[in-house]
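Sequential numbering from 1 along the given sequence is applied to the chain's residues. Both counts, for ligands and for their atoms, begin at 1 and track the order of listing.
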Amino acid sequence: MKCTAVAHSNIAFTKYWGKQDEVLRIPANSNISMNLSDLYTTTTVEFHTSYSVDEIIIDGKKDEKETQRVVTHLNTIRKKAGITQQAKVMSQNTFPTSTGLSSSASGFAALTLAAVTAAGLQLKDKELSILARLGSGSACRSIPDGFVEWVKGESSESSYAYSIYPKNHWDIVDIVLIVSDEKKIVPTTDGHKLAWTSPFFKDRLLRMNEKNILCKKYIAERDFKSFGTLVESEALEMHAVMITSKPSLIYWLPHTVFLMKQIQFMRKNGLEIYFTVNTGQDLHVLCEKKHLKRAVHELSYIKEIKKCIINTPSEGAKLSTTHLF
Ligand code: DP6
């Protein structure tokens with residue numbers, strides 16, 4: 001059977017950085033995110049006896065490293081479904097990959113839903129989230145709708161994401177500021193392993209529970225100022241861990257830091273916007289919808305921004321009838 005799925009990338013408000021279990025991708029702490037409307041992946045999967053090997057095409061290209069990771073995930077799904085056929089996989093992203101915009105989140109969420117369905121399985125969201133997590137940790141958050149919490153759990157079966165609120169719970173916007181298309185030098189999976197070498201990491205873990213409770217409270221109350229303050233300082237804290245790892249991980253470019261300062265300056269001048277950033281140079285700017293027009297206008301003067309992608313909260317992974325091949 002041929003199946004297609006669409007999954008959105010997500011932005012973490014409290015971050016997944018460091019794992020309890022590297023192979024099973026069980027995070028060191030629970031974390032909270034929102035799915036992003038305009039960053040998404042469409043993936044078509046077909047298992048068929050006519051295929052002699054798995055063929056993986058992402059954004060029109062074949063890449064050995066990506067193929068290996070996708071084939072490992074297909075093997076897990078084949079085993080679960082009790083099938084042996086090889087597959088053709090075609091995947092299309094609406095945004096640049098490997099620059100820190102979480103293409104592995106939308107990619108593995110779409111792959112999981114499409115491949116599971118093509119293999120003849122019907123799984124609940126919880127099981128899909130667990131499976132997606134095995135492909136890429138943050139992918140488990142792209143399965144459920146809207147605002148999401150990934151409960152860290154202690155085993156594979158207890159580590160999954162669920163929807164805290166649907167997408168229409170809160171009118172907030174995530175404006176992605178593309179600074180450069182430069183690919184990151186240290187892949188995220190390798191970066192995670194270094195978290196434990198930072199002298200600040202254990203201390204961070206002690207406070208994550210309380211941070212997650214507060215983050216959920218601010219989302220529940222739609223308290224944007226408290227929420228934004230927490231999210232921005234959380235991103236900087238994760239990067240403090242990265243920067244103080246051995247060896248040190250610096251994912252930012254000079255323009256990233258310049259924009260952080262611009263955003264803080266704009267905030268001082270009365271515009272309620274906050275930033276967050278993952279393993280890359282591009283920034284995510286968060287604001288309430290009522291301030292979007294002013295935010296976009298003020299950002300349009302900054303020549304260091306190559307492109308803006310405006311995202312509203314979005315649904316989770318869904319099947320589609322429009323196949324890519
Ligand atoms: C900094 O999910 O990409 O974006 O499980 O190794 O594939 P793997 O890592 P990944 O890590 C995302 C890290 C982050 C923070 C976050 O999204 O929570």
For ligand 1, which atoms, with element, lie under 4.0 Å from some heavy atom of [X]?
| X | result |
| --- | --- |
| T188 | 3 (O), 9 (O), 10 (P), 11 (O), 12 (C), 13 (C) |
| G137 | 2 (O), 5 (O), 7 (O), 8 (P) |
| R141 | 16 (C), 17 (O), 18 (O) |
| K19 | 5 (O), 6 (O), 8 (P) |
| R25 | 5 (O), 6 (O), 7 (O), 8 (P) |
| M238 | 1 (C) |
| A12 | 16 (C), 17 (O), 18 (O) |
| T189 | 6 (O), 7 (O), 8 (P) |

| task | Have a look at Y16, W17, F13 and point out the one with the heavy atom closest to atom 15 (C) of ligand 1. | result | Y16
| field | Option nearest atom 2 (O) of ligand 1 (shortest heavy-atom distance, choices S138, S9, S104, G280) | value | S138
| For T14, is at least one N or O under 3.5 Å away from an N or O on ligand 1? | no
| Does an N or O anywhere in S136 fall below 3.5 Å from an N or O of ligand 1? | yes
| query | Of all the heavy atoms in R69, does at least one lie under 4.0 Å from an atom in ligand 1? | reply | yes
| field | T14: which of N29, L230, L214 passes side-chain contact (heavy atoms from CB on, under 4.5 Å) | value | L230
| task | If the plane angle is over 60° it's perpendicular, under 30° parallel, otherwise tilted; pick one for H239 and W252. | result | tilted
| request: Assign the ring pair F147 / F13 to parallel, tilted or perpendicular, where the plane angle (0 to 90°) is split at 30° and 60°. | output: tilted
| salt_bridge(D21, K152) N-O dist < 4.0 Å | no
| query | So, E234 and R204, do they make that salt bridge, N to O below 4.0 Å? | reply | yes
| query | Looking only at atom types and distance, does a side-chain atom of H8 sit under 3.5 Å from a main-chain N or O of Y40, one as donor and one as acceptor? | reply | no
| field | Heavy-atom side-chain proximity of K217 to C215 below 4.5 angstrom | value | no
| Do H73 and F108 have ring centres separated by under 6.0 Å? | yes
| Taking the six-membered ring where the residue is Trp, are the ring centres of Y165 and W170 under 6.0 Å apart? | no
